[in-house]
Every structure is written in C-alpha cells, then in structure tokens.
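What you see is a predicted model; the values in this text were computed from it and never measured.
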Amino acid sequence: MRKLTYFVACSIDGFIGDPSGDASSMYRFVNEEFLDFLKTEYPETISAEGRAVLGFKDLESRRFDTVIQGRASYQIALDANITSPYGHLREYVASRTLKESPDAHVRIIAEDVVGAVRELKAEDSELGIWLCGGSRLAGELLEEVDELVIKTYPQVYGSGMPMFGSDFAVTDFTLDSVRAFDNGVLVRKYSRQR
C-alpha cells in the first residue's frame, strides 16, 4: 500500500497561510542550504517552473510519483498562468467547482476524494502520493494521511488557514526525525500510528 504524505509548510503556530491563504512570507526562508535539502530529499516537491528556473529539470523523483492538491492551492498556479504546476508528477486537483481541467495532464476529482485517494494508495508503485494542500482537503483526508513532513518556518501568523481544516479529532503520530536549518526552519517527519 502506497503512503499518502502531507508535505506542508506552516508557521510556528500551525498555519499554512494567512486568512486569505497567502503563504508568500515563508518564501524568504528558502536559502541555499534549504534548497539543497529539497533538491536532495524531496526534489519532486519543487514546482516545474521552479525546477526550470533553478536548472533542476532533470531531477528524478525520490519519494512521490503523484500529487493531489485542493482547488485553492491549484488556483495559485492558475493565477500565475500555470496549468500544470507539477508536470513531472501525475497531478490531481480535488474540486467541486472546477468542472473541467484546464490542462490535459491535470485530473479533476469532483466527488469522493477519499475513495479516489484510496484507489491511488492501492496502486502498485514504490513511490508515494504527495498531499500538497490545502487545509480543507487535508482535513477531509486526515484518516488517509500516513506521514507528515512539516516544514515549520520561524514566523507566527496568529490566525489563518490551519494545517487541517477539520472538526476536532485526536490523531496520533510518532516523531521520526527533526532537522534544523541555519535559517530557523525545522523539518519534522512523523509516521501515523495505526
């Protein structure tokens, strides 16, 4: 069974974006050391546009071959006229409002996102599935999340979009590793307790 990994950036107080969903204040922490970590450990999480700009086009996937994101997360790419932000992966967007995909490479999941993710997890592959965001989708898929990789940036938002936009439910994970960077970013990796 393939793993669903929620690989996400958040503030110290657990927000993945401000109240409007903007997380651009976190970008300033992406320095050479942190970028090298992403390139080495999670290269598939660098967008196709970022890979082209940084000269990383030929990086092979290490952990994921599929990405799923919510409509609001996908809208950020669409607003930048990018219809396939992770074209090096199989791309899925969970959306009840986007009726057809603006890109042949991007598949829309309009209903039963949990069922669709279970089907993806049941596929025969050595690589996992990356849950890219956002908050509501992560909340809907909480029971399917097998692993958390949380990039915590040294900022406090006070309010905004929580990591999981869901009802209250205690869900236990085990801390596997913590990596600290000189820029103040922490990357924590957790495994789901089942």
With side chains defined as the heavy atoms from C-beta onward, is the minimum distance between [X] and [Y] less than 4.5 Å?
X      : Y      : result
Leu59  : Lys39  : yes
Pro43  : His88  : no
Tyr6   : Phe164 : yes
Phe173 : Thr171 : yes
Val8   : Met163 : yes
Val106 : Tyr92  : no
Ile129 : Ile68  : yes
Val145 : Leu131 : yes

Is the shortest distance from a Lys or Arg side-chain nitrogen in [X] or [Y] to a carboxylate oxygen in the other one below 4.0 Å?
X      : Y      : answer
Asp146 : Lys121 : yes
Glu126 : Lys3   : no
Glu44  : Arg63  : no
Arg107 : Glu91  : no

Verify the cluster assignment for [X] and [Y]: are they in a single hydrophobic cluster under the rule of side-chain heavy atoms below 4.5 Å apart?
X      : Y      : result
Leu89  : Ile76  : no
Tyr190 : Ile12  : no
Phe56  : Phe34  : yes
Leu142 : Val67  : no
Ile150 : Val185 : no

Rounded at 0.5 Å granularity, tell me how far [atom1] in [X] sits from [atom2] in [Y].
X      : Y      : atom1 : atom2 : answer
Ile109 : Arg71  : CD1   : CZ    : 14.5 Å
Leu141 : Arg118 : CG    : CZ    : 9.5 Å
Ser73  : Leu137 : OG    : CG    : 8.0 Å
Asp124 : Met1   : CG    : CE    : 11.5 Å
Thr5   : Leu148 : OG1   : CG    : 8.5 Å
Leu186 : Thr152 : CG    : OG1   : 6.0 Å

Does any N or O in the side chain of Ser101 come within less than 3.5 Å of the main-chain N or O of Ala104, such that one atom is a donor and the other an acceptor?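 The answer is no, because no donor-acceptor pair under 3.5 Å joins these two groups.
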
Does Glu144 reach the main-chain N or O of Val117 with its side chain, forming a donor-acceptor pair under 3.5 Å?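 Not a single qualifying donor-acceptor pair exists.
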
Run the side-chain contact (heavy atoms from CB on, under 4.5 Å) test against Ser11 and tell me which residues pass, sequence neighbours left out.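 Applying side-chain contact (heavy atoms from CB on, under 4.5 Å) to Ser11 gives Asp13, Phe15, Met26, Tyr157.
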
Does Tyr86 form a side chain to side chain contact (heavy atoms under 4.5 Å, CB included) with Gln69? I'd like the steps, not just the answer. CA-CA 11 Å; Tyr86 300 101; Gln69 61 184 319; 4.2 Å; yes

I'd like to know whether [atom1] of [X] has more than 12 heavy-atom contacts from other residues, nucleotides or ligands below 6.0 angstrom.
X      : atom1 : answer
Gln193 : CD    : yes
Asp36  : CG    : yes
Arg192 : CZ    : yes
Asp58  : CG    : no
Glu49  : CD    : no

Taking the six-membered ring of Tyr42, is NZ or CZ of Arg62 closer than 6.0 Å to its centre and within 45° of its axis?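 No, cation not above the ring by the 6.0 Å, 45° rule.
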
Could you report the tightest heavy-atom contact between [X] and [Y], atom names first, then the distance?
X      : Y      : value
Cys10  : Ile16  : CB-CG2, 4.2 Å
Asn31  : Asn183 : ND2-CB, 3.4 Å
Ala110 : Arg96  : O-CG, 3.5 Å
Ser159 : Pro19  : OG-CG, 3.8 Å
Gly87  : Ala48  : N-CB, 4.2 Å
Asp103 : His105 : OD1-N, 2.7 Å

Does the side chain of [X] pick up a donor-acceptor pair with the side chain of [Y] at under 3.5 Å?
X     : Y      : value
Asp22 : Ser24  : yes
Arg2  : Thr66  : yes
Ser25 : Gln155 : yes

Is it the case that the ring center of Phe37 lies less than 6.0 angstrom away from the ring center of Phe181?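 Yes, the ring of Phe181 comes within the 6.0 Å limit of the ring of Phe37, centre to centre.
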
Verdict with reasoning, Leu38 to Thr45, per side chain to side chain contact (heavy atoms under 4.5 Å, CB included): CA-CA 8 Å; Leu38 292 176; Thr45 65; 4.3 Å; yes

For a side chain to side chain contact (heavy atoms under 4.5 Å, CB included) check, start with the C-alpha distance between Glu32 and Leu35, then their side-chain angles and the critical distance, and finish with the verdict. CA-CA 5 Å; Glu32 189 173 331; Leu35 194 57; 5.8 Å; no

Classify the angle between the aromatic ring planes of Phe7 and Trp130 as parallel (below 30°), tilted (30 to 60°) or perpendicular (above 60°).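 Ring orientation, 0 to 90° scale: perpendicular.
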
